[in-house]
Amino acid sequence: MTEAPAERAAYDPHAVQDRWLPVWDRLDLYRAGRHQGAPKKYVLDMFPYPSGDLHMGHAEAYGLCDVLARYWMRRGFDVMHPIGWDSFGLPAENAAIKRDEHPATYTYANIETQAASFRRYAISFDWSRRLHTSDPEYYRWTQWLFLRFRERGLAYRKSSAVNWCPKDQTVLANEQVVQGACERCGTQVTKRELTQWFFKVTDYADRLLDDMEQLRDTWPPRVLKMQENWIGRSQGAHVDFSVGRTDEEGTVGDTTVTVFTTRPDTLYGATFFVVAADAPLALELCAPDRRAALEAYRDEVRKLSDIDRQATDREKTGVDLGVTALNPVTGEQIPVYAADYVLADYGTGAIMAVPAHDQRDLDFARAFGLPVRVVVDTGGEDPGATGVATAGDGVLVNSGPYDGLAKDEAIAKVVADLESRGGGKGAINYRLRDWLLSRQRFWGAPIPIVHCDACGEVAVPDDQLPVELPDLRGAALKPAGTSPLGAAEDWVATTCPSCGGAATRDTDTMDTFVDSSWYFLRFCSPGYTEGPFDPEAVRAWMPVAQYVGGVEHAILHLLYARFFTKVLHDMGMLDVVEPFAALMNQGQVINGGQAMSKSKPESMVDLGDQLATFGVDAVRLTMVFAGPPEDDIDWADVSPSGSVKYLARVARLAEDVAQLAPSDRRDEAVDRAVARSVDEVTRLVEAQRLNVAVARLMELTNALRKATDLPEPGVASLRDGVEALAVMLGCFVPYTAEEVWSRLGHDVEAGESVHDTAWPHADPALLVLESVTCVVQVQGKVRDRLEVAPGISEDELRALALASDGVVKALDGREVRIVVVRAPKLVNVVPA
RNA sequence: GCGCGCGUGGCGGAACAGGCAGACGCGCCAGGUUUAGGUCCUGGUACCCGAGAGGGUGUGGGGGUUCGACUCCCCCCGCGCGCACCA
């Protein structure tokens, strides 16, 4: 290179951070609405829960999302990129018990810690929209929404067997039970019979399923699949069986028991009938002489954990109830059993068993010596002999009037016949259950209902919202199986809004997933006091253009938020039916092949330590460059020190270019390289291929370095090139980019921030290539390369290729059979 | 068990839409600067044969389609994820 500058500003990442952070605060660069009139884009990360400080996972997710937000800002969009906290929840409550303080103390202290970290981590948040779900100004509207849902019949109270976490001492939604254990603490979940509040998500099952078509190209396919499976729509029929009821004196009459089946075509093969052992129905139907046996069996079943019970390779067990059911099409009386392989809360809790064509029924039939009757000839071997049920397509046999029909025809005909004769009808069944939203914990939004002896359940009037939490702390919050709010007697005792008499408040609080089901709407108008959100603001911003978060919310949060959006749409408060137009699931940050967890201290990588060692930009760059955003990052495999080296290289390049003697000299090769980089990086960021975009920026850096070291550098081109590099890098490494920008002579303090500068434009004229390398193959193997004009004709290229040294040598005198020409990039010669 | 996804150098990963496999980086090797080391700069780095020129092989394995396959199709192996007695 030319003379090394005697004094070159060193690159100290921490000094650079300290220099620009206060300047940026003053410039207020990221407020939504700064670009009035520009098209809007709402970019959102799943908001954090305030447990301690930010960790590596936050750094990745928010870092990725920040690249996109900054890019759209640079492209001239009016971007809203807000931040808030999902600040109700159990950890704060548990910490408060341990420390004998109020949960708010822990919560708001952590929020301040995280906010300071986010600021230093240079995320382009619009801080003016900050919200916390535990603020009364927020949960007032959570309560308001609950009441509106209730008015529409979508929030209701019922008694049922619900999931209970013995450790957290609260009920859980189905979505919060993972393989029989509490999603939060991992404790085995048990069942309790309780009266609880539910949201009627099942009313929206079809729309939640069907509207996923709108998300088909913009959401990760596996998330859509998981939601689809969770909703679990299956098409079939309800069929009525008449079961004889008996008491000590004998038969006393018939009870109609409906079953759900997806295979009404196999009705002739139903040789027995099973009800869920733990359903009340089993007791109702049981003959008196079988009652003792049933009770004993029920006790046994109750002792099994959900995990044991769900093991699919278990021996089938059950009890004969001593009664029979009438098959409505065959007129046959078939025995009725109670068994635990039939689930009480799916379908109707009772099934018709067709052992020939259902493996579970077959296993049961073989265990109890029950007949197996083939009614669909699938071409498979006899299930009675092989023990393998034949579930596939086939032709009906042993089925009276339906013999000879194909499976699908038979399904349609059986359903039609049942409907015309009575005894059944076509039906759709869902796996999805209603959302249990009551929690027996303190740190959540109180359910705004008053219980009055005279008037029953009464809504708290809107003008009395919010129902604020009483001041409980420390030991008073200890879980005792009922809500801690019950202990606040002064708070519980109230007057009935309807009759004015003495009444009590509902002491449960809402699942925190209720809070997070509408926060993205509140961000559009965070200070609004006339409702949960300003309809005009929401109309302007929704839907969220890009949502970023972990795949662990594939069902819980995302399903609930979609449900809320649809209900609010039906209430006329929202235009959109889907809240998140596009979704990105970032991968996890792991270490040495294992997930970081507090129980494995050796696996933990502390974000604060990493930032102290390498600086913010190097950590951000390492995360983005490590691989595709959706892949996991193994911190043991990546090199933050390599990122530091790269950033220092960029800073030196800027310094060297800034110190070149001013000149108008241009370098066409540099101009072309810059244009190509801008073009490629633009496309790569648009496609969210951020790791490759970084690779292209590194290539540009290398090219600019080389060109700077030439004896007669094209100073004007280099300055333009480094500026373009700085603007693009600004999305990834905000501090270093600003430092480079400043070294190039921009007065950042006066408002000329790189973060307020438009994304560079690639001159199309510079993208036109002067020549192209044409690969010449013989039989698919590269034998030569030719530099040709991009517009070369096929004939010309064919002639050139056939005459090339490599081809002549490889052909070795052989005749040419085919020549494939793909001008201007490739020729493939195939010899005879 | 059912469903989905993925297998590319020592490592993370590139390869637009079926057309130069290994971009970019880490690591490693050699040289230079400095020299105590590091930083920094230059070059090399899929594997095998060969001093070299060059040649051969190669994207988990096997087959197929094609002038041409990391890419498309079929079978197998391995890994990961989701659901899991859902009638």
Side-chain angles (χ1 to χ4, degrees), chain A residues 1 4 8 10 178-180 220-230 232-234 236 259-263 266 270 274 276 307 309-314 316 339-343 345-354 357-361 363-364 391 429-432 551 554-555 621-622 625-628 630-646 648-649 652 680 683-684 687 689 691-702 705 709 773-785 817-822 825-831:
Chain A
M1 63 183 275
R8 179 148 71 173
V178 180
Q179 311 213 318
R222 66 172 165 162
V223 173
L224 296 175
K225 195 78 200 163
M226 283 164 74
Q227 294 218 354
E228 209 177 295
N229 291 341
W230 188 262
R233 173 159 64 190
S234 50
V259 303
F260 175 74
T261 177
T262 54
R263 294 292 304 275
T266 61
V274 189
I307 291 196
R309 188 171 164 179
Q310 282 167 4
T312 46
D313 48 2
R314 259 174 68 231
K316 290 283 181 287
D340 66 356
Y341 83 92
V342 172
L343 306 175
D345 58 0
Y346 181 77
T348 62
I351 62 155
M352 63 176 213
V354 185
H357 307 299
D358 181 285
Q359 191 59 48
R360 298 152 301 179
D361 295 343
D363 294 344
F364 190 87
N429 193 62
Y430 301 91
R431 214 187 79 110
L432 183 70
V551 73
I555 293 171
L621 184 68
T622 303
F625 185 51
E630 57 276 12
D631 286 8
D632 287 352
I633 299 171
D634 193 330
W635 203 248
D637 287 341
V638 296
S639 172
S641 63
S643 300
V644 177
K645 273 161 64 174
Y646 169 70
R649 219 166 115 74
R652 275 199 309 277
E680 287 185 2
R683 276 196 301 226
L684 288 163
R689 313 220 19 238
N691 56 322
V692 189
V694 170
R696 295 293 167 264
L697 291 169
M698 288 174 168
E699 278 177 310
L700 176 61
T701 309
N702 293 342
R705 175 80 258 168
D709 295 344
T773 305
C774 175
V775 174
V776 184
Q777 301 175 329
V778 175
Q779 263 181 320
K781 286 191 173 134
V782 181
R783 297 300 180 182
D784 216 330
R785 279 163 227 267
R817 185 161 63 95
I818 308 171
V819 181
V820 179
V821 182
R822 293 282 178 274
K825 290 174 74 175
L826 178 128
V827 177
N828 190 13
V829 179
V830 184

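Naming: A, B, ... by sequence-line order, numbering from 1 per chain. Note that the coordinates shown come from a computational prediction; the quantities given were computed from them, not determined experimentally.
Under the 3.5 Å distance criterion, the side-chain polar atoms of Arg263(A) are matched with a main-chain donor or acceptor of Ala391(A).
Taking 4.0 angstrom as the limit, Lys781(A) places a side-chain polar atom (N or O) nearer than this to OP1 or OP2 of rU57(B). The side chain of Tyr341(A) contributes no N or O atom lying less than 4.0 Å from OP1 or OP2 of rA87(B). One finds a side-chain N or O of Arg689(A) lying less than 4.0 angstrom from the OP1 or OP2 phosphate oxygen of rA15(B). The side chain of Ser234(A) contributes an N or O atom lying less than 4.0 Å from OP1 or OP2 of rA87(B).
Syn is the classification of rG9(B), since its glycosidic angle stays within 90° of 0.
Both Phe260(A) and Met226(A) lie close to RNA chain B; mapped to their nearest nucleotides by heavy-atom distance, the more 5′-ward contact belongs to Met226(A). Sequence order on RNA chain B of the closest nucleotides to Met352(A) and Arg817(A) puts Arg817(A) first from the 5' end.
Side-chain contact, Arg233(A) with Asn429(A): no donor N or O sits under 3.5 Å from an acceptor N or O. Looking only at atom types and distance, the side chain of Thr622(A) has a donor-acceptor partner in the side chain of Ser643(A) under 3.5 Å away. A donor-acceptor pair shorter than 3.5 Å can be found between the side chains of Asp361(A) and Tyr341(A).
Atom CG of Asp634(A) and atom P of rC26(B) are 18 Å apart (whole Å). Rounded to a whole Å, the CG atom of Leu697(A) is 14 Å from the P atom of rC24(B). Rounded to a whole Å, the CG atom of Leu224(A) is 13 Å from the C1' atom of rG82(B). What separates CD1 of Ile555(A) from P of rG82(B) is a distance of 10 Å, to the nearest Å. Per the geometry, CD belonging to Glu228(A) stands 12 Å off C1' belonging to rC83(B), to the nearest Å. The CZ-C1' distance, from Arg822(A) to rC16(B), rounds to 17 Å in whole Å. Protein atom CD of Gln779(A) is 16 Å distant from nucleotide atom P of rU66(B), rounded to whole Å. Regarding Leu826(A), its CG atom lies at a distance of 10 Å from the P atom of rA21(B), rounded to whole Å.
Only the C1' atoms considered, rU39(B) is 42 Å distant from rG55(B), to the nearest whole Å. rG7(B) and rG18(B) have their P atoms separated by 16 Å, given to the nearest Å. When the C1' atom is compared between rG82(B) and rC11(B), the two are found 29 Å apart, to the nearest whole Å. rC6(B) and rG68(B) have their C1' atoms separated by 26 Å, with the value rounded to a whole Å. Rounded to the nearest Å, the gap between the P atom of rG58(B) and that of rG9(B) is 14 Å.
Side chain of Glu699(A), nearest nucleotide from rC67(B), rC85(B), rA23(B): rA23(B). In this structure, of rG19(B), rC41(B), rA87(B), it is rA87(B) that holds the atom nearest to the side chain of Leu343(A). Nearest nucleotide to the side chain of Ala695(A), out of rA87(B), rC24(B), rC85(B): rC24(B). Among the nucleotides rC83(B), rA87(B), rC67(B), the one closest to the side chain of Thr262(A) is rA87(B). The side chain of Met698(A) approaches rC24(B) more closely than any other nucleotide in the set rA84(B), rC85(B), rC24(B). Residue Arg783(A) places its side chain closer to rG56(B) than to any other of rG56(B), rC67(B), rA23(B). In the set rC40(B), rC67(B), rC85(B), rC40(B) carries the atom at the smallest distance from any side-chain atom of Lys645(A).
Using a 30° and 60° split on the angle between ring planes, Phe260(A) and Tyr346(A) fall in the perpendicular class, above 60°.
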For this session: Sugar-phosphate atoms are those with a prime plus P, OP1 and OP2; base atoms are the rest. Using that split, label each nucleotide of nucleotides 3-13 of chain B B, S or - for protein heavy atoms under 4.0 Å, 5' to 3'.
Result: S-------SBS
Problem set entry | Base-pairing string, 5' to 3', of RNA chain B - Watson-Crick or wobble, under 3.5 Å, | interstrand | (((((((..(((......[....)))((((((.......))))))((((....))))..(((((..]....))))))))))))....
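Within the 4.0 angstrom heavy-atom criterion, only backbone atoms of the sugar-phosphate kind lie near Asn702(A); the bases stay farther away. Across all strands shown, Gln359(A) has no heavy atoms under 4.0 Å from either base or sugar-phosphate atoms. If you check every strand for non-hydrogen atoms under 4.0 Å, Val830(A) touches sugar and phosphate atoms only.
With respect to the salt-bridge test (charged N to carboxylate O, under 4.0 angstrom), the residues Arg683(A) and Glu680(A) do not qualify. The residues Asp340(A) and Lys316(A) are annotated as not salt-bridged, no charged nitrogen and carboxylate oxygen being separated by less than 4.0 angstrom.
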